[in-house]
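Everything on this sheet refers to the single structure shown next.
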Amino acid sequence: MTFVDNIALGLSVMLNLSTLGYCVLGVTVGMFIGVLPGLGPLATVGMLLPLTFYVPQTDAIVMLAGIYYGSMYGGSTAAILLNLPGTAGAAVTCLDGNPLAKSGRAGVALFTATLSSFFGGIFGLIVVASFTPLLASVALSFGSPEYASLIVLGLLAAAMVGNASKGKSLAMALFGLLLAMVGTDPNSGVDRMTFGLLSLADGVNLVVVTTGLFGIAEVLANVGRIGARDAQVARIRMRDMLPTAREARGAIFPALRGSSIGAILGILPGTGAALATFVAYAVEKRTSKTPDRFGKGALEGIVAPESANNSAAQTAFVPTLSLGIPGDAIVAIMLGALIIHGIVPGPQLIRDHPDLFWGLIVSFLIGNVVLLFLNLPLIGLWVRILRIPYAALYPAILVFICVGVFSIRSSVFDVAVATVFGLGGYVMRRHGFPTAPLLLGLVLGPLLEQNFRRSLMLSRGDLMTFVERPISGAILALTLLIIIFLLGSELRRRRPRGQLRKEGQR
């Protein structure tokens with residue numbers, strides 16, 4: 001089939017009223033969640049995952065994806081108006097968006113953020129449609145050793161990227177792998193680490209862990225942190241949103257650079273959209289002829305991170321759909337949703353389920369267009385939503401979480417497990433332990449065990465099979481180089497501290 005035929009197939013899927021409705025619902029809910037500070041798409045996707053059990057698989061994935069990239073649009077609204085980022089990726093937008101709003105140009109900032117988000121989303125969509133089938137065709141030559149090596153690389157990337165301690169991140173990834181081993185051994189049928197509890201025979205449920213670790217923990221982390229929402233926001237008219245012709249021309253290259261950075265970092269497993277925004281902002285500030293304007297209301301400081309944010313949100317689906325390796329924690333939940341619906345992400349997905357893949361691609365296009373026309377007129381509504389008291393908002397979220405978890409298996413035990421993980425997630429955040437590597441370890445653990453044990457069975461227990469195969473060996477060599485580089489960086493960082501301590505003792 002040609003590219004045009006594939007797009008036509010995707011359009012035929014999206015012309016279904018049910019699928020189209022779930023797409024619009026997903027992007028609308030995502031934009032709503034992005035506006036609300038402290039919630040974020042991760043908790044929302046986790047909370048709504050149980051609802052997808054009762055809808056067709058394509059509708060479920062389209063809706064969850066819409067929530068993901070829709071939240072990237074909404075996150076900039078609160079960041080610009082109230083200096084409260086609705087999502088982690090919108091944190092950089094606060095640096096120049098809020099100063100613009102304080103100077104009376106909130107409309108221009110919001111309009112620019114929306115158009116930059118749309119441009120980045122379309123740019124990322126083109127990358128997904130172009131490179132996912134190509135990567136999948138290459139991946140068809142992968143065997144079990146290659147998949148095992150690739151999963152190890154993905155887990156290492158997830159553990160080593162971010163501001164948290166590398167040791168803590170790696171420990172969380174290993175803890176996720178340990179949780180993935182709970183339940184019945186797939187080969188021998190022996191129970192592992194169930195402690196005699198029949199409810200753990202099927203393992204630790206992904207939805208239960210997700211809703212607790214991110215939903216309940218998110219509520220606990222934000223209750224009492226942000227004061228009353230009584231900020232006065234001036235009325236924004238449409239004519240006040242248009243930038244000058246000079247500003248519009250100056251935004252072209254920042255949008256291209258930001259979208260390119262977001263597309264590259266979005267494809268890499270474990271990086272996520274938040275990292276893309278920081279990198280895009282840093283690059284834009286370094287290439288600017290007037291870097292002193294950044295942080296004081298530079299329009300480029302909004303264009304670059306917002307385009308990178310939405311481009312990365314789209315391209316995060318490339319490794320998930322083509323290799324079965326989630327690009328970040330949110331996409332990892334969607335990978336779990338695909339598996340729950342009986343679909344195995346990987347190179348066979350495009351071949352076996354072309355309607356789902358190309359329907360999802362076209363839903364990206366439709367969703368981004370819907371967001372473009374929804375975001376600007378609804379700015380006034382989002383500002384009013386920001387004034388909902390937290391005392392009313394968070395109890396409703398906790399009730400929704402408990403109902404969703406209980407509906408999975410009608411089990412009070414699952415609610416208790418979600419509560420435990422919620423409390424644990426809150427403690428982890430307080431002590432600087434990132435929770436995203438844990439989720440990636442839990443999702444990728446069964447795949448790693450399956451491919452690792454299969455490789456050993458085929459090679460009769462010879463571990464050299466992972467090194468002797470060219471692709472697997474190259475991936476492991478890259479993994480080793482990353483470990484050496486990170487260890488060297490950590491030693492160089494600690495050496496000056498040790499020297500200063502010795503000088504102080506003298």
Side-chain angles (χ1 to χ4, degrees), residues 34-35 37 40 71-121 123-124 161-164 231 233-234 236 240-266 268 271-313 315 375-376 379:
V35 171
S71 66
M72 301 302 170
Y73 276 74
S76 61
T77 302
I80 292 171
L81 293 178
L82 299 177
N83 203 31
L84 298 174
T87 61
V92 181
T93 307
C94 292
L95 299 178
D96 286 279
N98 193 247
L100 272 174
K102 290 180 177 179
S103 65
R105 305 194 69 199
V108 175
L110 290 167
F111 185 84
T112 303
T114 300
L115 289 185
S116 301
S117 299
F118 179 76
F119 182 84
F123 189 96
V161 172
N163 297 323
V233 183
I236 301 173
D240 299 327
M241 297 182 182
L242 300 177
T244 64
R246 181 178 180 181
E247 290 174 331
R249 288 194 299 270
I252 296 176
F253 287 106
L256 287 171
R257 282 191 289 265
S259 299
S260 301
I261 292 171
I264 295 171
L265 293 181
L268 299 178
T271 55
L275 178 66
T277 60
F278 283 97
V279 173
Y281 186 86
V283 169
E284 205 55 44
K285 185 176 181 179
R286 179 167 295 184
T287 57
S288 175
K289 296 179 180 179
T290 55
D292 55 303
R293 295 187 302 108
F294 283 77
K296 301 176 182 177
L299 211 60
E300 301 95 312
I302 297 176
V303 174
E306 283 300 311
S307 57
N309 197 9
N310 288 269
S311 179
T315 57
N375 203 47
L376 292 177
I379 287 175

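Taking Ser117 as the reference, Glu306, Asn310 meet the side-chain hydrogen bond (donor to acceptor under 3.5 Å, both in side chains) condition, with sequence neighbours excluded. By the ring pair (Phe, Tyr, Trp, His ring centres under 6.0 Å) test, Phe119 pairs with no residue at all, sequence neighbours left out. Take Ile252 and apply the side chain to side chain contact (heavy atoms under 4.5 Å, CB included) test, not counting sequence neighbours, and it matches Leu256.
Using a 4.5 Å heavy-atom threshold, the side chains of Asp96 and Leu299 count as separate. The side-chain heavy atoms of Phe253 and Thr287, taken from C-beta on, include no pair separated by under 4.5 Å. Side-chain contact between Ser288 and Phe294 is present, with heavy atoms from C-beta onward closer than 4.5 Å. The shortest distance between side-chain heavy atoms of Phe123 and Ser260 falls below 4.5 Å.
Between Ser307 and Ala304, the shortest heavy-atom contact is OG-O, 3.0 Å. Taking every heavy atom of both residues into account, Ala255 and Val303 meet most closely at N-CG1, 3.5 Å. Counting all heavy atoms, side chain and backbone alike, Gly120 lies closest to Ser259 at CA-OG, 3.5 Å. Listed here is the closest heavy atom pair of Pro305 and Glu300: CD-O, 4.0 Å. For the pair Ala109 and Gly97, the tightest heavy-atom approach, listed with the atom from each and the gap, is CB-O, 4.3 Å. Between Gly262 and Ser311, the closest heavy-atom pair is C-OG, 3.8 Å.
With Thr112 as the fixed residue, the side chain to side chain contact (heavy atoms under 4.5 Å, CB included) test singles out one of Leu110, Leu115, Val108: Val108.
Interatomic distance, Tyr281 OH to Ile302 CD1, rounded to the nearest 0.5 Å: 9.5 Å. Ile261 contributes atom CD1, which lies 10.5 Å from atom OG1 of Thr277 (distance to the nearest 0.5 angstrom).
Between the side chains of Thr290 and Arg293, at least one donor-acceptor pair of N or O atoms lies under 3.5 Å.
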